[in-house]
Every structure is written in C-alpha cells, then in structure tokens.
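Let me begin by presenting the structure, written as structure tokens, before commenting on it.
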There are 2 protein chains.
Amino acid sequence: MTHSEENYLKAIYHLTSVLENEISTNAIAEKMETKASSVTDMLKKLADKDLVHYKKYQGVSLTNKGLHSAKMIVRKHRLWEVFLVEKLAFSWDEVHDIAEQLEHIKSEQLVNKLDAFLNFPTEDPHGDPIPNAEGNIIKVEKQLLSELQEKQTGICVGVKDTSSEFLQYLDKQGISLGSKIEIKSREIFDLSLKISINGNEMTISNKIASNLFVRKV
Amino acid sequence: MTHSEENYLKAIYHLTSVLENEISTNAIAEKMETKASSVTDMLKKLADKDLVHYKKYQGVSLTNKGLHSAKMIVRKHRLWEVFLVEKLAFSWDEVHDIAEQLEHIKSEQLVNKLDAFLNFPTEDPHGDPIPNAEGNIIKVEKQLLSELQEKQTGICVGVKDTSSEFLQYLDKQGISLGSKIEIKSREIFDLSLKISINGNEMTISNKIASNLFVRKV
DNA sequence: TATATTTTTTAGTTTTGTCTAAAAATTTAT
DNA sequence: ATAAATTTTTAGACAAAACTAAAAAATATA
Ligand SMILES: [Mn+2]
Ligand SMILES: [Mn+2]
Ligand SMILES: [Mn+2]
Ligand SMILES: [Mn+2]
C-alpha cells in the first residue's frame with residue numbers, strides 16, 4: 001500500500017465517524033485538499049484492492065479490510081504522537097505533522113513494540129482513542145464543554161480542533177487534558193462562558209467551548 | 001528531497017568511503033539494485049540541485065551540500081537503529097530495514113530530540129559512527145580481526161557485513177560488540193583462526209575474521 | 001416537468017522514477 | 001593503431017499520482 005492510498009483510507013475513516021452514511025467524492029477532495037477527479041481515480045484503485053465499496057456517483061465506504069487498514073494507520077499515528085510527547089518532550093501542538101510521516105512506517109513488530117514501550121496507552125496527547133493491535137477502541141463518553149449547563153463541572157478529556165493555534169491558546173490559558181472546568185454562567189448574547197478552571201476564573205467564547213471535550217463529573 | 005534522491009545520495013556516500021575516487025554509474029546501479037540508465041537520470045537531477053559533481057562518462061562525487069545531506073541521512077538511520085535496539089529491544093539483526101524507512105522522516109527537531117533522548121550516542125548497534133548535528137564523526141581506529149597477528153588481542157568494535165545472517169551467526173557464537181578476542185593460532189592452509197573469546201576457545205574461518213572490526217589492546 | 005445548478009466522472013496532460021533497447025564514449029586487448 | 005569489449009548515455013515507454021477541461025449524471029429550482 002502506498003502513502004497516498006493510506007492517506008485516502010485514513011481520510012475516509014475520519015469522515016465516516018462524522019458523516020455516518022456514504023462518503024462523497026467532494027468531501028474527500030476537500031479533506032485532502034485535492035481535486036475531485038484525483039479522488040475518483042484513487043477510489044477506483046482502492047475498490048480494485050477491495051479496500052472500499054464504491055459505486056459510481058453513489059459515494060464510498062470502507063470494506064472490513066479497508067476499515068482495519070485505516071485503524072492500523074490511526075493506531076500508528078496516535079502511538080507516535082504519544083511517543084513524541086512523552087519520551088521526546090514535544091508539546092502537543094508540534095506532533096501532528098511528524099506523526100503524519102511516521103504513520104506510514106511499515107513494520108507490525110515496530111508498532112507493537114512501540115505500544116509496549118509506551119505502556120499500551122489508550123489515548124493520544126489530544127484525547128483521541130488509540131486502537132489496539134486488533135483494532136478495538138475504548139470509547140469514553142464525552143461531550144462538548146459548550147453542551148454543559150450552568151453550574152455543571154467537567155474534566156477536560158480532549159480537543160475537537162487540533163490545530164496548533166488552538167492548542168497554543170489552551171496552553172496560554174492553562175487549559176490541558178485533566179483540567180477541571182466549572183461553568184459559572186453563560187452569556188445569552190454570544191453564548192460566551194464564565195468558567196473556573198482549577199480555581200482560576202476566566203471567560204471563554206463559544207467557539208472555544210465547542211472545541212473542548214469534557215467528561216461530566 | 002524525495003526518498004529516492006536521498007537513497008542515491010546515501011549510496012554515493014557509502015561508496016565514496018570504499019572507493020576513494022569518483023564513483024561510477026555502474027557501481028551505484030549495483031549498490032542500489034537498479035539499472036545504469038536509471039542512475040544516469042538521477043545523477044542529472046542531483047547535479048541540477050548541486051548535490052553532486054557530475055560530468056558525463058566521468059563518474060560522480062558529492063558536493064559539500066550533498067555530503068552534508070548524506071551525513072544527515074546516515075545520522076538519522078543510525079540514531080533510529082540505536083533507538084530500536086536500546087529502547088524497543090530489537091536485536092541488532094532486525095533493525096536495518098526499519099531504519100531504512102525511518103531515515104526519511106523529515107524533522108530536524110525530531111532527530112535532535114531523539115539524539116538527546118538516546119544520550120548522544122557516537123556509534124550505532126553495529127559499531128558504525130553516528131555523525132553529530134554538524135555532521136562531524138568521531139573516527140575510532142579499528143582493524144579487521146583477520147589482520148591481527150598470533151597472540152594479539154582485540155576488542156570487537158564493529159562488523160563490516162551487517163547482514164542478519166552474519167549477525168545471527170555472531171549471536172550464536174556469543175560474539176558481540178565489546179567481546180575480547182585473542183588470536184591463539186592461525187592455520188596457514190585456509191587462514192582460519194583459533195581464538196579465545198571471553199575465555200571460550202573456538203575456531204572461525206577467515207571469512208568471519210575479515211568481517212569483524214577490532215581495536216587492538 | 002423541464003431547466004438550471006451542482007456533483008462526479010472521463011479524457012487527456014504532467015511529473016517522478018523506473019525500465020528496455022539502441023547509440024555513443026571509453027577502456028581493454030590484439 | 002585498430003578492433004573488441006565494456007561502460008555510460010540517450011531515446012522512448014510505462015505506471016503512479018496529480019492536474020485541467022469537458023462530458024455525464026444527479027439534484028435542486030422554477
Ligand atoms: Mn495527529
Ligand atoms: Mn492526535
Ligand atoms: Mn543499517
Ligand atoms: Mn547500522
């Protein structure tokens with residue numbers, strides 16, 4: 001499997017969890033920042049290899065084989081991110097691009113030894129789940145901070161936007177995975193929130209709150 | 001720089017240390033298991049990018065820029081090999097192919113953090129020197145075991161052949177980097193050696209002895 | 001329903017890296 | 001010095017992965 005094929009599988013996998021039904025050519029093109037015609041070419045190739053179900057004009061979905069491959073790529077991506085943060089002291093906003101390269105390294109033994117070296121983590125530095133060697137994922141129930149009611153409290157367990165801009169903003173505000181956040185009040189006008197985080201009071205916009213995952217406590 | 005360009009630079013670099021003078025198209029083709037015509041094509045491209053000095057029919061050599069790039073690839077290859085052996089518990093005969101992939105990961109920060117994580121090793125698991133961030137190499141004087149005289153003793157500091165067959169043979173015989181080897185006697189007929197290694201006596205062929213580097217003591 | 005708009009596919013190019021076959025240059029042998 | 005052998009380069013082709021422009025299909029609108 002080529003890097004390009006792997007990137008397409010991964011894109012389809014990620015779109016599947018957001019869009020539920022069949023994935024459109026255009027959705028893939030947008031996600032991969034490429035042209036729809038290139039996507040069509042690749043879908044044919046992936047279909048030939050039994051990695052996707054594809055019918056002209058009808059969108060695409062992963063076969064079992066394709067799903068498993070996609071999960072293994074995501075597994076590698078997230079394990080490498082853990083390695084970079086935990087072992088090499090990268091910060092969580094620096095690791096994505098490097099992991100994009102490392103996820104294509106081919107060696108089952110390597111992934112599994114890396115997994116063991118890292119003590120079989122179940123989540124990456126952004127709170128995303130890491131599939132195990134069989135492809136199984138531990139789902140943690142979580143919701144957006146913006147969905148919490150006034151006076152409710154949550155533990156920050158993930159980010160929806162993983163851009164370094166957003167992650168660096170969170171660093172600046174002292175928000176990280178594990179932070180305890182209480183909604184003090186919600187401003188009706190712009191849905192901004194007054195929160196207390198580890199005792200510290202501050203105001204955050206709705207945009208921020210709808211990119212933070214929390215586990216209610 | 002593409003993977004392929006990097007592989008060519010590395011091949012030329014390795015051939016340079018063996019062949020001294022200008023490197024021939026055929027030597028590169030043989031090393032890379034490709035056709036001479038493919039090599040010619042690539043040499044033109046590398047010359048265009050000022051990575052090699054190339055004159056038709058006259059062979060090729062690395063420019064300063066090309067030499068530095070090659071050293072950085074070798075640096076990555078050998079650091080990753082150290083990582084795989086020291087941290088992930090791979091054996092020294094399993095790491096080369098994985099390092100061939102990892103050497104192409106592009107991130108200066110990654111290499112340097114990995115280097116620090118490994119405590120700035122100067123040699124890889126096969127005894128080959130690791131260029132530092134500036135490309136400098138610590139040369140250790142070493143010679144082939146086959147060059148030692150009777151009654152002389154050496155410490156094993158490297159292997160010339162890094163094939164897994166040879167490395168596994170060494171494992172089986174209990175020979176590793178750091179082993180103290182004394183030449184007890186040399187058989188004139190086939191140049192085989194009776195040696196004692198860490199007290200243990202055994203006989204090895206000339207082929208083995210001329211693939212083992214030692215530091216005389 | 002008929003028409004307009006959007007989405008998707010097809011057709012034809014381009015770039016990279018490879019190949020084979022043939023031509024050109026260099027080296028070796030007579 | 002000439003001929004033979006070897007090495008290297010050129011010419012032309014191909015596969016992968018991208019692109020643009022145009023055609024076809026599906027969807028939305030009047
Ligand atoms: Mn990532
Ligand atoms: Mn992540
Ligand atoms: Mn190696
Ligand atoms: Mn090595």
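Side chains included, hydrogens not; waters and symmetry mates left out as well; all remaining heavy atoms used. First the proteins, then the strands, lettered A, B, ... as listed; each starts at 1.
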Exercise. Please collect all ring pair (Phe, Tyr, Trp, His ring centres under 6.0 Å) contacts where either partner lies in residues 103-129 of chain B, sequence neighbours excluded, each pair once.
Key: H3(B)-H104(B)
Quiz item: Taking only side-chain nitrogens and oxygens of T34(B), does any of them come within less than 4.0 Å of OP1 or OP2 of dC19(C)?
Solution: yes
Exercise. For dA16(D), take OP1 and OP2 only and decide whether either is under 4.0 Å from a side-chain N or O of Y8(A).
Key: no
Quiz prompt | Earlier contact from the 5' end, DNA chain D, for E5(A) and K35(A) | solution = E5(A)
Quiz item: Can you name the closest pair of heavy atoms from L110(B) and W80(B) and give their distance?
Solution: CD2-CZ2, 4.0 Å
What's the [atom1]-[atom2] distance between [X] and [N], to the nearest Å?
| X | N | atom1 | atom2 | result |
| --- | --- | --- | --- | --- |
| I23(B) | dT7(D) | CD1 | P | 16 Å |
| E33(A) | dC19(D) | CD | C1' | 16 Å |
| K49(B) | dT16(C) | NZ | C1' | 10 Å |

Quiz item: Taking only residues two or more places apart in sequence, or in another chain, which ones meet S176(A) in a side-chain contact (heavy atoms from CB on, under 4.5 Å)?
Solution: S179(A)
Only pairs under 3.5 Å count here: list side-chain donor-acceptor contacts from residues 129-141 of chain B, not counting sequence neighbours, and write none if there are none.
residue	atom	partner	partner atom	Å
N132(B)	OD1	E134(B)	N	2.9
N132(B)	OD1	G135(B)	N	3.0
N132(B)	OD1	N136(B)	N	2.9

Quiz prompt | Sequence-aligned protein contact record of nucleotides 6-12 of chain C, with B where the base is within under 4.0 Å of a protein heavy atom and S where only the sugar-phosphate is | solution = -SBBB--
Quiz item: Taking only residues at least two apart or on different chains, which pairs with a member in residues 103-117 of chain B satisfy salt bridge (Lys or Arg N to Asp or Glu O under 4.0 Å)?
Solution: E6(B)-K106(B), K10(B)-E103(B), R75(B)-D115(B)
Just distance, no hydrogens or angles: give the donor-acceptor pairs under 3.5 Å from side chains in residues 47-62 of chain A, sequence neighbours left out.
residue	atom	partner	partner atom	Å
K49(A)	NZ	E5(A)	OE1	3.1
K49(A)	NZ	E5(A)	OE2	2.9
S61(A)	OG	E22(A)	OE2	3.3

